[in-house]
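To keep things clear, I will list the structure first and then write my remarks on it.
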Amino acid sequence: MKACLELRRGRRGGRLRHSDADRLAELTPLGGGAWAALFVLLAVAATLAACWVVFAPGGAPA
């Protein structure tokens, strides 16, 4: 999650122009900002899914 947020911050400041998001932007119609936002959304979704598995009623799977 921290790396995704640092990527967004670096792109916003204009000092990060050779990231994975920029490479994907060169290969697809989506821009680098969209890819960076997607990375953040996926990181949040993975964190929430992990929390649900661990803290769900019945506990973590054995």
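Everything quoted here is computed from the prediction, not taken from an experiment. Quick note: numbers below take in every heavy atom, side chains included, and nothing from hydrogens, waters or symmetry partners.
There is a path of hydrophobic side-chain contacts, each under 4.5 Å, that joins W35 to L42. Linking Ile, Leu, Val, Met, Phe, Trp and Tyr whenever their side-chain heavy atoms come within less than 4.5 Å leaves F39 and L41 in two separate clusters.
Nearest approach of A25 to G31, heavy atoms of both residues: CB-C, 3.7 Å.
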